[in-house]
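Excluded from the calculations below are hydrogen atoms, water molecules and symmetry mates; all remaining heavy atoms, backbone and side chain alike, are included. Numbering starts at 1 and runs along the sequence shown.
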Amino acid sequence: MDEEYDVIVLGTGLTECILSGIMSVNGKKVLHMDRNPYYGGESSSITPLEELYKRFGDWNVDLIPKFLMANGQFSDSFLVCQLVKMLLYTEVTRYLDFKVVEGSFVYKGGKIYKVPSTETEALASNLMGMFEKRRFRKFLVFVANFDENDPKTFEGVDPKVTTMRDVYKKFDLGQDVIDFTGHALALYRTDDYLDVPCLETINRIKLYSESLARYGKSPYLYPLYGLGELPQGFARLSAIYGGTYMLNKPVEEIVMEDGHVVGVKSEGEVARCKQLICDPSYIQDRVRKAGQVIRVICILSHPIKNTNDANSCQIIIPQNQVNRKSDIYVCMISYAHNVAAQGKYIAIVSTTVETSEPEAEIEPALELLEPIDQKFVSLSDLYEPTDDGTESQIFASSAYDATTHFETTCNDIKDIYKRMTGSDFDFENMKRKQNDVFGEDEQ
């Protein structure tokens, strides 16, 4: 360990492992350490959770479940999809397999409904009355035809000026439709997007529809055996490019000189470095608490009602439906994904805490899951770095939020990459570097 590295990474959460893989492919000498004996950090799949194991036997439970958007060029979660493809190119994840999530649903008035994202689904949906269906169908046709490079498709909308609120007004869409469009199709966590130019929102809705068209049941994918497989895949990618991994390695001190990082001390030895990437738990004096997330792991012996007996699904409860400032998410997976015992389902409810009684806040979601065999409640503090790393060269990831998709995680990865290198992440450039090692034919 007593040598010099370009980058030391502390923690093996998904964000850290992706950045470790990227830096290794880019030719950096990387040392990757974790104080835990397992990969994944907060984003791990614990096998087994001790309590679960005592009760049910064979389990693989994600502590922070998230689905991958299947396809598309606009989404930030497209970054993860492309990086997963990169793992497949290298054959380090020969056993990493994905299943389509069987349904995406939205909550309205105490019930759940399939999220309509095509003209046909819009006309068949029970979410809206007859006239609303027609207006929403017109809106979807506009989105499907929209091409930011062809002003003929704008229909009087200026994508860089017109707000999304005004686009909804143009199509005379009601509040319930606005709720599920913004939160279940465009995947926004708040309503701030309503008052900014509409281009990003339109592209997000296009992405959802294109991904759904590709896979049919939903636009989401989920890895067999849980998300814990992803960090390990990126760890293998880093190792192929010369990265060094050390699990179960205590970190005693982050060594600083003149205000910037120069190394990490572990078990009496110092590994020197030019830059450091880590999760917030390693540098608690350089992060601030930005909120809390409540997550409830629920064990069920049945699929969720009104989901057509889906073996997996996502349910989004838009904030306005339950008088909140942030959405509530439900992610359900099952034995079909090799994460639970036969005939068992795992539903994980999550939201940003807004009151002094967090368990009461997620009650609307828990009611959808009844009867619940067993539930495990956890509260996690959300931490974010207090500086951008420019001076210290310490780059901390942000804690995982309540969402059930990778949008914010990917934003964080791209942001850290830009701060570390001074340039935007270039996937094509990374692919070229892979070709140098594996050759065109491999890809």
Side-chain angles (χ1 to χ4, degrees), residues 11-16 36 40-46 49 51-52 61-68 76-77 80 107 183-184 187-192 220 222 226-228 230-231 278-284 287-299 314-333 346-369 372 375-386 396-413 415:
T12 52
L14 184 59
T15 302
E16 288 74 37
N36 296 312
E42 267 202 313
S43 56
S44 61
S45 308
I46 294 295
L49 230 72
E51 276 294 310
L52 287 175
V61 178
D62 284 326
L63 300 185
I64 300 178
K66 289 182 185 283
F67 293 142
L68 281 161
D76 286 313
S77 54
V80 170
Y107 178 98
H183 294 260
L187 300 180
Y188 285 109
R189 294 179 295 156
T190 70
D191 280 344
D192 295 349
Y220 298 110
Y222 187 79
L227 288 175
L230 284 178
C278 61
D279 74 46
S281 69
Y282 287 90
I283 50 159
Q284 293 189 333
V287 293
R288 63 172 162 258
K289 184 175 170 181
Q292 269 191 323
V293 171
I294 180 170
R295 293 184 178 91
V296 185
I297 299 172
C298 300
I299 308 302
Q314 172 184 257
I315 302 168
I316 293 178
I317 303 179
Q319 54 186 50
N320 289 330
Q321 292 293 322
V322 282
N323 298 315
R324 290 174 49 77
K325 295 185 189 126
S326 46
D327 298 346
I328 303 173
Y329 299 89
V330 180
C331 159
M332 195 270 282
I333 54 228
I346 303 168
I348 303 180
V349 178
S350 55
T351 194
T352 304
V353 174
E354 295 180 1
T355 71
S356 57
E357 295 183 27
E359 284 195 60
E361 295 182 46
I362 44 100
E363 199 55 45
L366 295 179
E367 285 170 7
L368 299 174
L369 307 181
I372 298 169
K375 65 181 184 187
F376 303 84
V377 180
S378 69
L379 278 172
S380 304
D381 290 334
L382 282 176
Y383 289 103
E384 58 187 20
T386 51
S397 60
S398 295
Y400 297 99
D401 63 19
T403 59
T404 47
H405 48 80
F406 276 108
E407 205 75 26
T408 46
T409 305
C410 292
N411 279 337
D412 198 27
I413 291 165
D415 184 47

If you look at every heavy atom in Val287 and Pro280, which pair is closest and at what distance?
CG1-CB, 3.9 Å
Identify the heavy atoms of Tyr220 and Gln314 that sit nearest to each other, and give their distance.
OH-NE2, 3.2 Å
Contact between Ile316 and Leu187 at the side-chain level, heavy atoms closer than 4.5 Å - yes or no?
yes
Leu366 CG to Ile372 CD1 distance, which is reported to the nearest 0.5 Å
5.0 Å
Lys325: salt bridge (Lys or Arg N to Asp or Glu O under 4.0 Å) partners, not counting sequence neighbours
none
Interatomic distance, NE2@His183 vs CD@Gln321, rounded to 0.5 Å, equals 10.0 Å
Run the side-chain contact (heavy atoms from CB on, under 4.5 Å) test on Tyr107 and Val322 for me, step by step, so that the C-alpha distance in whole Å, both residues' side-chain angles and the decisive distance to 0.1 Å come before the verdict.
CA-CA 9 Å; Tyr107 178 98; Val322 282; 4.0 Å; yes
Can you see whether Thr351 engages Arg324 through a side-chain donor-acceptor pair at a distance of less than 3.5 angstrom?
yes
Who passes salt bridge (Lys or Arg N to Asp or Glu O under 4.0 Å) against Asp327, sequence neighbours left out?
none
Taking only residues two or more places apart in sequence or in another chain, which ones pass side chain to side chain contact (heavy atoms under 4.5 Å, CB included) with Pro385?
Ala396, Ser398
What I'd like to find out is whether the side chain of Ile299 reaches to under 4.5 Å of the side chain of Phe376, using heavy atoms alone.
yes
Can you find a heavy atom in the side chain of Val377 that is under 4.5 Å from one in the side chain of Ile362?
no
CG-OG1 distance between Asp415 and Thr15, expressed to the nearest 0.5 angstrom:
11.5 Å
Once you round to the nearest 0.5 Å, how far does SG of Cys298 lie from CG of Leu369?
5.0 Å
Shortest non-hydrogen pair, Tyr188 vs Tyr329, comes out as O-OH, 4.4 Å
Pairwise distance OG1(Thr409) to CG(Leu14) - rounded to 0.5 angstrom
7.0 Å
Where do Ala365 and Val349 come nearest, in terms of heavy atoms and distance?
CB-CG1, 3.6 Å
For Glu16 versus Tyr400, what's the shortest heavy-atom pair and its separation?
OE1-OH, 4.3 Å
Mind listing the closest non-hydrogen atom pair of Val353 and Val293 along with its distance?
CG2-C, 4.0 Å
Could you tell me whether the side chain of Glu354 and the main chain of Ser326 form a donor-acceptor pair under 3.5 Å?
yes
In this structure, OG1 of Thr352 is separated from CZ of Arg189 (nearest 0.5 Å) by 7.0 Å
